[in-house]
Amino acid sequence: MYNYLDFEKPVADLEGKILELKKLAEGGESVDVADEIARLEKRSRDALRDLYKALTPWQKVQVARHPDRPHCLEYVRGLFTDFTPLAGDRTFGEDQALIGGFARFRGEPVAILGQEKGSDTTSRLKHNFGSARPEGYRKAVRIMELADRFGIPVISLVDTAGAYPGVGAEERGQAEAIARSTSTGLGLKVPSISIIIGEGGSGGAIAIATANRVYMLEHAIYSVISPEGAASILWRDTTRSKDAATNMKITAQDLLNLKIIDAVIPEPLGGAHRGPEAVISATGDLIARTMKEFGEGNVDFREQRREKYLAMGRNL
């Protein structure tokens with residue numbers, strides 16, 4: 001059984017009935033329930049398809065935040081080999097909200113950056129729910145500079161509600177660390193790819209997402225502020241988060257139309273959490289195609305990146 005979102009209640013009811021019938025069959029009851037199970041499974045698939053065909057922006061926010069979505073470390077385990085994590089910013093300490101290091105992608109060396117939210121209470125606390133502090137972004141700068149020095153492509157996996165807003169983080173220069181990480185990403189001479197795998201929230205996401213190619217999962221979101229934060233500022237009413245999500249154009253489809261991102265990675269029916277292996281595989285295939293394109297011809301990746309970001313909004 002999945003953790004169902006509020007709008008998935010019709011599917012939850014049907015799948016609950018299917019589970020009851022399967023238990024009945026396993027219990028050796030004489031009643032043949034196979035036909036009824038098949039009928040309910042079809043109804044469940046159809047209901048799920050209808051729901052996900054017409055998701056509202058706010059419902060996409062809920063899917064992007066689903067606790068069972070595959071997170072950064074699952075992508076790292078599924079796509080890369082020989083991963084060697086690096087720790088610390090050489091200034092203050094280690095921040096486990098931001099994962100970074102070097103690995104091989106299909107035999108080729110790459111640098112990896114990503115925010116890890118955690119999958120249970122212990123790991124979520126350990127990784128601070130994916131909200132990095134200044135030392136996390138300074139670690140990202142250190143890894144990007146190393147990658148640039150040795151000519152290694154950079155791949156980032158973005159999944160954060162935003163940078164950590166605590167007093168200690170602000171005292172240690174949160175804004176400066178984010179700005180420096182953003183600037184370092186823009187100035188890389190090596191190619192870079194960024195994938196928004198869940199939430200791409202605020203400067204905390206942009207800090208590692210200033211790449212030559214930016215991709216998003218089908219039900220991911222990418223925004224300068226959370227819908228709740230925008231509603232609080234615009235209307236002083238967090239209950240209007242749905243209105244904010246609709247007007248902010250934060251879905252992958254909206255951002256592709258606005259040319260903020262370069263492509264959308266399809267998710268399995270019902271979201272990435274219903275088929276993590278499939279979505280991780282699709283992500284890997286897109287990274288491989290992009291890396292092949294990067295290897296063709298003599299490209300100035302810094303200039304390409306510059307043109308990409310200067311072009312945003314020109315023709316709107």
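Index from 1, following the sequence.
Counting only N and O atoms by type, the side chains of T246 and D243 include no donor and acceptor under 3.5 Å apart. When only modelled atom types and interatomic distance are considered, T239 and D237 share a side-chain donor-acceptor pair under 3.5 Å. Donor-acceptor pairing under 3.5 Å is recorded for the side chains of N212 and Q304. Checked by atom type, the side-chain pair Y137/T182 shows no donor-acceptor distance below 3.5 Å. Side-chain atoms of Y52 and E8 form a donor-acceptor pair, as typed in the model, at a separation below 3.5 Å. With 3.5 Å as the limit, one finds a donor-acceptor pair spanning the side chains of H219 and K60.
Between E20 and K23, none of the side-chain N atoms (NZ, or NE/NH1/NH2) sits under 4.0 Å from a carboxylate O, so this pair counts as no salt bridge. A salt bridge between E228 and R65 is present, with a side-chain N of the basic residue lying under 4.0 Å from a carboxylate O of the acidic one.
Here the rule is salt bridge (charged side-chain N to carboxylate O under 4.0 Å, His left out) with R69, and of E267, E74, E199, E218 only E267 fits it. No option in R305, R213, K308 other than K308 meets the salt bridge (charged side-chain N to carboxylate O under 4.0 Å, His left out) test with D262.
Here the closest non-hydrogen pair linking S131 and T160 is CA-OG1, 3.9 Å. When all heavy atoms of L48 and G270 are compared, the pair lying nearest together is CD2-CA, 3.9 Å.
For R180, the CZ atom counts as loosely surrounded, since its 6.0 Å shell holds 12 or fewer non-hydrogen atoms of other residues, nucleotides or ligands.
Rounding to the nearest 0.5 angstrom, the gap separating the CZ atom in F102 from the CD1 atom in I152 is 5.0 Å. Residue S181 holds its OG atom at 11.0 Å from CD1 of I206, rounded to the nearest 0.5 Å.
Taking the six-membered ring where the residue is Trp, F294 and F301 present perpendicular rings, their angle passing 60° and hence far from 30°.
The closest side-chain heavy-atom distance from R306 to L186 is not below 4.5 Å. Between I155 and L79, every side-chain heavy-atom pair lies at or beyond the 4.5 Å cut-off.
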Worked verdict on T290 versus Y215 for side chain to side chain donor-acceptor pair (under 3.5 Å): CA-CA 11 Å; T290 306; Y215 303 129; 2.7 Å; yes
